[in-house]
Amino acid sequence: MPRLRKRFFNRSVHEVAPELIGAKLLFNGVGGLIVEVEAYHHTDPAAHSYNGETERNAVMFGPAGYAYVYRSYGIHWCLNFVCEEAGSASAVLIRALEPTDGLAAMQRRRKTDDPRLLCSGPGRLTEALGVTRAHNALALDAPPFELWAREREVEIASGPRIGITKAMELPWRYGLEGSRFLSKPFRSLP
DNA sequence: TGCCCGATTAACT
DNA sequence: GTTAATCGGGCAA
């Protein structure tokens, strides 16, 4: 199972996002299989980078293969992977994992044993893994991060992104079809 | 400077 | 179904 390097992320965010489904994300050895992501591009009104560079989103304007961590609603941390060439300011939001590694650490941080409440949501995921602002701008192909390409082909669902009010029509949320670890189900196909 | 809102979650009714 | 928790950006004044 090959390790994902910076080169993997240096492509269109719309290619990278679906390919992350089924990949394994570990942070200090704790994590699981990515089952849900969303793509954000700087031409997209819902993206943090849409209105230009600020102190918060600066890492989005740098090279691909780095972590962008931001504070959401003043409470939670959210983890993104920066994609495309430097200046493109696009990223993939990691929204949910199927927990596989370091269950005890995740249960302790999340204060629950329910596997579906450990990493099913962007804020829950970062709490379970211990990701905070301190890890903003870290490389994704070096400790404490470990990313491994998926081992098998998977069936990918897509649909509208969650929790946004701009560009709601863009179906840039991707997930593992049928997974019980999604933050919300995808509407089944017609 | 002040005010509103957001890539959320959990604990309510 | 509703609401509180709480921080940074954007925009009006």
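Every chain is numbered from 1, with letters handed out A, B, ... down the list of sequences. What you see below is based on every heavy atom in this structure, not just the backbone, and it leaves out hydrogens, waters and symmetry mates.
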Kindly assign one of parallel, tilted or perpendicular to the pair F145(A) and F81(A), based on the angle between their ring planes and the thresholds 30° and 60°.
perpendicular
Once you round it to whole Å, what is the distance between P of dG8(C) and CD of E53(A)?
17 Å
For dA7(B), the Watson-Crick or wobble partner whose two distances fall under 3.5 Å
none
Under 3.5 Å, is there a donor-acceptor pair linking the side chains of T43(A) and H41(A)?
yes
Compare the minimum distances between each of dT8(B), dA5(C), dA10(B) and the side chain of R124(A), then state the nucleotide with the smallest one.
dA10(B)
Which is more 5' along DNA chain B, the nucleotide nearest E127(A) or the one nearest A46(A)? Just name the residue.
A46(A)
Rounded distance in Å between the C1' positions of dA10(B) and dG8(C)
23 Å
So R110(A), base contact, sugar-phosphate only, or nothing? Heavy-atom distance under 4.0 Å.
sugar-phosphate
OP1 or OP2 of dG8(C) sitting under 4.0 Å from any side-chain N/O of T54(A)?
no
R56(A) vs dC7(C): side-chain N/O to OP1/OP2 distance below 4.0 Å
no
Side chain of N51(A): nearest nucleotide among dA5(C), dG10(C), dT9(B)?
dG10(C)
The Watson-Crick or G-U wobble partner of dT6(C), with both key distances under 3.5 Å, is none
Phosphate OP1/OP2 of dT8(B) contacted by R71(A) side-chain N/O (<4.0 Å)
no
Run through T126(A), V131(A), V35(A), V37(A) and flag the one making a side chain to side chain contact (heavy atoms under 4.5 Å, CB included) with I94(A).
V37(A)
Base, sugar-phosphate or nothing for I164(A)? Non-hydrogen atoms, less than 4.0 Å.
sugar-phosphate
